[in-house]
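Below, read A as the first sequence line, B as the second, and so on, with proteins coming before strands; counting in each chain starts at 1.
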Protein chains: 2
Amino acid sequence: MSKRAAKLAAVPPKGEAPAVAAYRLEEQVGHLLRRAHQRHAAIFQDGIGDLQLTPMQFAALVKIRDLGKVSQNQLGRLTAMDPATTQGVIQRLVARGLIERTADPDDRRMTVLRLTAQGRATVEAAIVRAVKITEATLAPLTESERPVFLALLRKLI
Amino acid sequence: MSKRAAKLAAVPPKGEAPAVAAYRLEEQVGHLLRRAHQRHAAIFQDGIGDLQLTPMQFAALVKIRDLGKVSQNQLGRLTAMDPATTQGVIQRLVARGLIERTADPDDRRMTVLRLTAQGRATVEAAIVRAVKITEATLAPLTESERPVFLALLRKLI
DNA sequence: CTAAATTCATTTGTACACAAACGATCGGTC
DNA sequence: GACCGATCGTTTGTGTACAAATGAATTTAG
């Protein structure tokens with residue numbers, strides 16, 4: 001026992017497991033993913049400029065544009081928002097006149113979402129900026145690193 | 001002009017730029033980062049079990065443990081939380097008796113944060129689970145892909 | 001065809017995340 | 001030693017994010 005005293009001295013007191021002492025928050029995937037997402041959100045807000053869209057508002061507009069008309073739940077699944085979150089995002093887009101809600105005549109549980117003319121113009125202007133936002137986000141990576149990173153990131157979902 | 005009619009038919013109407021029409025939300029870094037972070041949060045909540053900690057509460061506890069005592073602003077910088085967010089996280093940890101706040105005698109603007117005995121026990125138990133949470137998050141990647149992914153992710157911050 | 005299970009939208013409550021503005025306090029400068 | 005800019009903690013307001021519960025409508029099972 002006494003032979004290992006020197007080694008034990010480098011280890012935390014009270015018999016704390018080494019793995020616990022060696023845990024470094026900054027190296028954990030979760031922390032890194034959060035920081036990276038955080039940075040992207042900042043770049044997005046800066047790059048979207050006067051259009052005043054949040055990432056989720058933009059995502060909703062893009063998917064409605066892709067499909068023409070969508071139900072609220074369907075939009076939530078496409079953008080990975082739960083129903084409660086979708087509710088708020090849709091409300092704000094309707095309030096700004098970017099989308100319109102109508103009742104679905106075939107299924108009275110559902111509401112149909114469509115872009116307004118202003119909404120269509122806004123998405124198209126936003127997408128031009130979103131392309132630059134993506135570039136800015138990936139700027140720290142080299143040309144060859146980007147597809148590698150994106151492929152691995154996609155596997156993680 | 002009429003010669004190109006066939007080609008133009010494949011292109012969106014009203015002269016919409018091709019880049020705008022070809023924009024795919026699902027392939028954008030921002031969307032992928034959000035989804036990956038989302039998935040990690042779900043794994044975290046599941047894996048932390050009965051300890052009932054959010055990722056940010058856990059992060060705060062870990063950094064306070066690392067430093068022994070920290071000011072609130074300092075903690076915010078270490079965990080990448082802004083002051084307003086830090087406020088709420090700290091409040092909830094104090095309310096649960098996991099940390100304690102005392103006034104700094106040398107600088108009356110600052111408050112000193114420390115772990116309570118219960119707080120220390122909780123972090124140590126949580127770290128054991130956090131290691132497994134990290135593993136579960138990275139599970140979709142092979143052993144050799146993981147360091148590659150983490151290195152690229154780190155470059156992005 | 002009716003009862004049960006499912007789906008859709010909504011509401012409530014908690015927890016980040018950040019902008020913006022605030023008073024209190026500190027550090028440095030003149 | 002009074003002023004001035006910076007820092008610290010706090011509050012308010014907006015926007016996700018999600019659990020949990022609800023009522024209305026639809027689908028499925030028996």
Side-chain angles (χ1 to χ4, degrees), chain A residues 30-31 33-46 48 52-61 69-96 98-99 101-113, chain B residues 30-31 33-46 48 52-61 69-96 98-99 101-113:
Chain A
H31 184 73
L33 283 172
R34 174 171 164 273
R35 300 275 322 261
H37 179 247
Q38 221 172 22
R39 172 169 164 274
H40 171 264
I43 292 173
F44 188 98
Q45 202 203 343
D46 188 58
I48 205 68
Q52 286 282 117
L53 290 175
T54 66
M56 289 322 292
Q57 290 169 3
F58 171 70
L61 291 179
K69 57 175 185 172
V70 216
S71 78
Q72 205 164 300
N73 259 25
Q74 193 185 354
L75 178 64
R77 284 190 296 271
L78 292 166
T79 54
M81 289 189 285
D82 73 79
T85 304
T86 308
Q87 182 72 9
V89 172
I90 291 306
Q91 264 180 18
R92 285 179 280 276
L93 291 174
V94 169
R96 283 178 57 181
L98 299 180
I99 64 178
R101 299 173 34 137
T102 57
D104 186 321
D106 299 333
D107 189 335
R108 286 185 303 177
R109 291 171 303 179
M110 300 201 279
T111 59
V112 181
L113 307 174
Chain B
H31 184 72
L33 283 172
R34 175 171 164 274
R35 300 277 318 263
H37 179 247
Q38 220 172 24
R39 172 169 166 274
H40 171 264
I43 292 173
F44 188 97
Q45 201 203 342
D46 188 57
I48 205 67
Q52 285 282 117
L53 290 174
T54 66
M56 289 322 293
Q57 290 169 3
F58 171 70
L61 291 179
K69 56 175 186 172
V70 216
S71 79
Q72 205 163 300
N73 259 23
Q74 192 185 354
L75 178 65
R77 284 190 297 270
L78 292 166
T79 53
M81 287 190 286
D82 72 81
T85 303
T86 308
Q87 181 71 11
V89 172
I90 292 306
Q91 266 181 16
R92 285 180 281 273
L93 290 174
V94 170
R96 283 180 55 182
L98 301 179
I99 63 178
R101 299 172 35 137
T102 57
D104 187 322
D106 300 332
D107 188 337
R108 285 186 303 177
R109 292 170 301 179
M110 300 200 282
T111 60
V112 181
L113 307 175

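Ranking D:dA25, C:dA17, D:dA17 by closeness to the B:Gln38 side chain, first place goes to D:dA17.
Inter-axis angle, ends of the helix from C:dC1-D:dG30 to C:dC30-D:dG1, five pairs per end, rounded to 10 degrees: 20°.
Summarising the geometry, the separation between CG on B:Asp82 and P on C:dA15 is reported as 17 Å, rounded to the nearest angstrom. Atom CG of B:Leu75 and atom P of C:dA17 are 13 Å apart (whole Å). Straight-line distance from the CZ atom of A:Arg39 to the P atom of C:dA17: 17 Å, rounded to whole Å. As a whole-Å value, the separation of B:His37 NE2 from C:dC16 P is 11 Å. Atom CG of B:Asp106 and atom C1' of C:dA24 are 17 Å apart (whole Å). Atom pair B:Asp46:CG and D:dC18:P shows a separation of 14 Å (rounding to whole Å applied). When the P atom of D:dT14 is taken as reference, atom CZ of A:Arg92 falls 10 Å away, rounded to whole Å. Residue B:Ile90 contributes atom CD1, which lies 14 Å from atom C1' of D:dT10 at whole-angstrom precision.
Proximity of B:Arg34 to the phosphate of D:dA17: a side-chain N or O atom is located under 4.0 Å from OP1 or OP2.
With A:Gln38 contributing its side chain and B:Ala80 its backbone, the two residues share a donor-acceptor pair below 3.5 Å.
Residue contacts shown for A:Thr54 are limited to sugar-phosphate atoms, with no base heavy atom under 4.0 Å away.
A:Gln87 approaches A:Ala84 most closely through the heavy-atom pair CB-O, 3.2 Å. Between B:Ala60 and B:Val89, the shortest heavy-atom contact is CB-CG1, 4.2 Å. Minimum heavy-atom separation, A:Thr79 to A:Leu75: OG1-O, 2.8 Å. Summarising the geometry of A:Gln52 relative to A:Gln57, their closest heavy-atom pair is O-OE1, 3.9 Å, with the distance given to 0.1 Å. Here the shortest heavy-atom pairing between A:Asp106 and A:Asp104 reads N-OD1, 2.7 Å.
Residue whose closest nucleotide on DNA chain D sits further toward the 5' end, between A:Ala80 and A:Arg108: A:Ala80.
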(request) Between protein and nucleotides 2-13 of chain C, map the contacts as a letter string: B base, S sugar-phosphate only, - none, heavy atoms under 4.0 Å, written 5' to 3'. (result) -----BSSBBB-
(message) Applying side chain to side chain contact (heavy atoms under 4.5 Å, CB included) to A:Arg101 and A:Gln72, what does each step give before you reach the verdict?
(response) CA-CA 9 Å; A:Arg101 299 173 34 137; A:Gln72 205 164 300; 3.2 Å; yes
(request) Show your working on side chain to side chain contact (heavy atoms under 4.5 Å, CB included) between A:Leu93 and A:Leu113 and close with a plain yes or no. (result) CA-CA 10 Å; A:Leu93 291 174; A:Leu113 307 174; over 6 Å; no
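Ring pair B:His40/B:Phe44 is tilted by interplanar angle, where 30° to 60° counts as tilted.
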